[in-house]
Amino acid sequence: MSLAGKQAWCFLLGMLCLTLVGCGGTPSDQPDLGTVTGTVTMNDKPLPGVMVVFSPESGRSSMGLTNDAGEYELEYVGDTKGAKVGQHKISITTAQSDSSEESGGEEGGAPTKETIPPTYNTQTILSEEVKPGENIINFTLTSE
């Protein structure tokens, strides 16, 4: 095979690989997503270790855990970041510990006491719209 033939073959093989990789990205049944990041504070102080859950009117919820600075980033499924585009109810709860080492309790550990008022979780008044692209949604909570 000539040098030109080898180069053409390598080019075609490379294009085939790129096409296959491009087709393997996201499942075809995945809805349109927008990335969502933000900060959660209560009484003007960051809330570390709380779970932020975005629940759309239909479909899979997205969730994220706040870091020490109260910052979160939503995950849709696995390593896929974001939330379904559209209107969501928001729930912010104290993260529950399910292992005895993390909770410092006996096996199965006692549930962590909820410190966030029910108006932000079980009786949430929070809702937001996720738009395509980048969304920065901050939550400024107050204790009751």
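FYI, the numbering just counts along the sequence from 1.
In this structure, the side chain of Asn121 does not engage the main chain of Thr93 through any donor-acceptor pair within 3.5 Å. The closest donor-acceptor contact from the side chain of Ser55 to the backbone of Ser61 lies at 3.5 Å or more, if one exists at all. Between the Asn43 side chain and the Thr142 main chain, no donor and acceptor come within less than 3.5 Å of each other. For Thr39 (side chain) and Glu71 (main-chain N/O), no donor-acceptor pair under 3.5 Å exists by modelled atom type. Between the side chain of Glu114 and the backbone N or O of Ile116, at least one donor-acceptor pair lies under 3.5 Å. A donor-acceptor contact shorter than 3.5 Å is absent between the side chain of Tyr72 and the backbone of Met63. A donor-acceptor pair under 3.5 Å is absent between the side-chain atoms of Ser127 and the main chain of His88, judged by distance alone.
Two residues are said to be in side-chain contact when any heavy atoms from C-beta on lie closer than 4.5 Å; Lys84 and Ser62 fail this criterion. Between Ile92 and Met51, every side-chain heavy-atom pair lies at or beyond the 4.5 Å cut-off. With a 4.5 Å cut-off on side-chain heavy atoms, Tyr76 and Pro31 count as touching. The shortest distance between side-chain heavy atoms of Val130 and Val36 falls below 4.5 Å.
Closest of all the heavy-atom pairs between Asn135 and Glu129 is OD1-O, 4.1 Å. Residues Thr35 and Glu134 approach most closely at OG1-CA, 3.3 Å, considering heavy atoms.
Within 6.0 Å of CG in Asp32 there are 12 or fewer heavy atoms belonging to other residues, nucleotides or ligands. The environment of Lys81 atom NZ is dense: over 12 non-hydrogen atoms of other residues, nucleotides or ligands sit within 6.0 angstrom.
Following chains of ILVMFWY side-chain contacts shorter than 4.5 Å, one can reach Val50 starting from Leu126, so the two form part of one hydrophobic cluster. Under the 4.5 Å side-chain heavy-atom criterion for Ile, Leu, Val, Met, Phe, Trp and Tyr, Val52 and Leu33 are members of distinct hydrophobic clusters. Leu74 and Val77 sit in two unconnected hydrophobic clusters of ILVMFWY residues. Membership requires side-chain heavy atoms under 4.5 Å apart, directly or through other members. Both Val40 and Met42 sit in one connected hydrophobic cluster of ILVMFWY residues. Membership requires side-chain heavy atoms under 4.5 Å apart, directly or through other members.
Between the OG1 atom in Thr124 and the NZ atom in Lys89 there is a gap of 6.5 Å [rounded to 0.5 Å]. Put simply, CG on Leu141 and OH on Tyr120 are 5.0 Å apart, with the number rounded to the nearest 0.5 Å. The line from OG1 of Thr66 to CD of Glu73 is 13.0 Å long, rounded to the nearest 0.5 Å.
The hydrophobic cluster of Ile136 has no other members, since no ILVMFWY side-chain heavy atom comes under 4.5 Å of it.
Side-chain contact, Thr94 with Thr115: a donor N or O sits under 3.5 Å from an acceptor N or O.
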